[in-house]
Trainee: 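The structure under discussion is supplied below as structure tokens; questions concerning it will follow.
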Amino acid sequence: MTDAIIFKNVTKRYGTATVLNNLSFSIKEGKITTILGFSGAGKSTLMKHILGLTIPTEGQITSLGVNMNDLDELGLREFRRNFGMVFQYAALFDNLTAYENVAFPLREFTKLKDAKIREKVDDLLEAVELVPESWHRLPSELSGGMRKRVGLARALALEPRVMLYDEPTSGLDPISTQVVCDLIVDTAKRNADKKLTSLIISHDVRASLRISDFIMFLERGSIVEYCTVEEFRESNNPTIRRFLEL
Amino acid sequence: MTFLQTYVEAFGAYILGGLSGLGRFTQFTGKVFFWGAKPPFRVRLLIEQLFFIGNKSLFIVGLTSLFSGMVFALQMYLGVSAINMDSIVGPIVAISLAKELAPVFAGLVVAGRCGSAMAAQIGSMKVTEQLDALEVMGINPHQYLAVPRVLGATLSMPMLCAVFMLVGNFGSWLTGVHILGIDEVMYFQKLSDFMRLGHVAEGLIKAGCFGFLIGLIGSYHGFEVSGGAEGVGRGTNLAVVWGMVTVLVSDYFISSFLTKIL
């Protein structure tokens, strides 16, 4: 199993506050890994480092075989096209319809003809099971679950090698949570031949245990546990036991 | 001592905050220039902004200019008719419109209408993570959002200013000739005697500068938004206030410079 992302002694400080404390770990290619932790544990900062939106104070990040310290601003922008991200509240462009949101990265980064873009967007929206009546609605006219589906379709448009999910089940009812979890697993399975790596940031311990291969638990910028789901369930660490019992 | 210390500290914090804001604004301006010069050049976004800032402001600019020209002609007439100089109402209004009123009033209208909209649009995109979404896709938000707005405002303002001059002069002619009874031949004769192309050029150049500043300020306050809906409201408010103040303050400096070269 090869590593998609490798952190080596990564520390991030903002003034005197240490947000990430000497982290060393690797994310396995083609697997679903969830980063769990309480608010303020450093999960979002870690995600920003993976995307190259923040530079570590110390240490080195190797992502998809590229040392991110070697990339300049323009290089990082190019590099980020290997990533797709589903945001907590989907972050759809509110002046574009669901359809246009999914077409947006294709229009920006490919030279595909309109007919080909239409075909691709149709496929993506069907894959995330968005009902066709909603395809030409604005994000404000869609439910939270529908927006997440559109966000997922948009993130998949450029066929990324790594999918990042920021709190994918936050603010959803139990049924929508189930649907989004199934979509994450289905997306990973559908793209298994391309070894799509999925990285989820979440508080939702139940959903995470259901869909992940690996779980990392962060507390105050340090890794408390990083193991398989089975090992995580059996962990004797008091913080993790407390988290599991929530 | 403690009382004095509190005020000195508050004053110091205010000054430092202002300097820090000025620094961020300078950085923002640098980014707009940097990303504006880099491809891809999104012409469609520029056209959208030209339509929004230029075309959509036409009615309000037209209405403002008509009544500005009319009231200015009326006031001038009341002043100069006492010394039997009523025929110079036309050139006074026309020169004032060209050099000052048209660019400044159009600037104030655009700062109020479009500067606020820019801050609100970009600000609400920021609080709903849409700017982050652009970043993650590898699109620079400054290039995608600020550059077309700044360029759109810079190009639209001279056109709106020209409309302001035209409609304002029409209002002046309407009031002067048809309501106050100034002789029409004399009105146009004096107009052609005193009016110079340089007056119009001065107004149009100024309008372009104001457009650039309004676009920058509106976009900057959008990018600076933080803290949800309240932050968007605050950013919108700051964009309007600073947009208008900047138009009025920079007017003096640009005028001083232009009068030397034109």
Side-chain angles (χ1 to χ4, degrees), chain A residues 44 47-54 71-96 100-111 138-140 144 147-148 150-152 154-158 160 162-167 170 199, chain B residues 20 27-28 30-49 51-52 56 114 117-149 152 222-223 225-229 231-232:
Chain A
S44 300
M47 181 94 90
K48 282 184 182 167
H49 278 80
I50 291 171
L51 287 163
L53 294 171
T54 308
L71 297 174
D72 60 5
E73 168 81 15
L74 289 172
L76 275 171
R77 287 192 183 281
E78 284 279 323
F79 184 71
R80 278 186 209 124
R81 289 179 206 160
N82 291 304
F83 295 84
M85 181 154 175
V86 180
F87 287 83
Q88 188 171 0
Y89 299 106
L92 300 179
F93 301 123
D94 45 21
N95 58 333
L96 303 178
E100 287 300 323
N101 261 285
V102 180
F104 181 84
L106 297 169
R107 293 197 206 287
E108 276 291 323
F109 297 115
T110 68
K111 291 188 165 64
L138 290 169
S140 57
R147 270 184 242 158
K148 289 258 161 90
V150 179
L152 177 58
R154 184 179 69 181
L156 287 168
L158 293 176
V162 179
M163 276 297 296
L164 303 169
Y165 300 88
D166 185 13
E167 303 284 0
S170 161
L199 188 61
Chain B
S20 156
Q27 274 187 332
F28 177 82
K31 283 180 188 171
V32 170
F33 275 109
F34 177 80
W35 287 104
K38 281 201 174 301
F41 303 109
R42 296 177 173 89
V43 179
R44 186 183 57 80
L45 293 181
L46 175 62
I47 292 169
E48 275 175 19
Q49 289 306 316
F51 183 74
F52 173 69
K56 295 265 183 180
C114 305
M118 288 176 200
Q121 284 163 357
I122 298 173
S124 63
M125 284 182 78
K126 187 171 179 194
V127 299
T128 54
E129 296 182 311
Q130 291 174 55
L131 299 193
D132 294 336
L134 285 173
E135 281 279 4
V136 171
M137 282 181 209
I139 298 171
N140 184 285
H142 293 89
Q143 188 182 36
Y144 192 80
L145 297 167
V147 170
R149 280 166 174 78
F223 276 92
V225 161
S226 60
V232 177

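A note on names: the letters A, B, ... follow the listed sequences, proteins ahead of strands, and every chain is numbered from 1.
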Trainee: Counting heavy atoms not belonging to F34(B), are there more than 12 under 6.0 Å from its CZ?
Mentor: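 Yes, because the 6.0 Å sphere around CZ of F34(B) holds more than 12 heavy atoms from other groups.
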Trainee: If I measure from the heavy atoms of chain A, does L131(B) come under 4.5 Å with its side chain, its backbone, both, or neither?
Mentor: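 No part of it gets close to chain A.
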Trainee: Give me the atom names and distance for the closest heavy-atom approach of A133(B) to A91(A).
Mentor: CB-O, 3.9 Å
Trainee: Between M125(B) and chain A, which part of the residue has a heavy atom less than 4.5 Å away: side chain, backbone, both or neither?
Mentor: side chain
Trainee: Relative to chain B, which segment of L74(A) carries a heavy atom at a distance below 4.5 Å: side chain, backbone, both, or neither?
Mentor: side chain
Trainee: What would the table of donor-acceptor pairs between chain B and chain A look like if you include every N and O pair under 3.5 Å, whether backbone or side chain?
Mentor:
residue : atom : partner : partner atom : Å
R42(B)  : NE   : E108(A) : OE1          : 3.2
R42(B)  : NE   : E108(A) : OE2          : 3.2
R42(B)  : NH2  : E108(A) : OE1          : 2.7
Q130(B) : OE1  : D94(A)  : N            : 3.3
Q130(B) : NE2  : D94(A)  : OD2          : 3.2
E135(B) : O    : R80(A)  : NH1          : 3.4
E135(B) : OE1  : R77(A)  : NH1          : 3.1
E135(B) : OE1  : R77(A)  : NH2          : 3.2
E135(B) : OE1  : R80(A)  : NH1          : 3.4
I139(B) : O    : R77(A)  : NH1          : 3.4

Trainee: At a heavy-atom separation under 4.5 Å, does F109(A) approach chain B through its side chain, its backbone, both, or neither?
Mentor: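 Interface part for F109(A): side chain.
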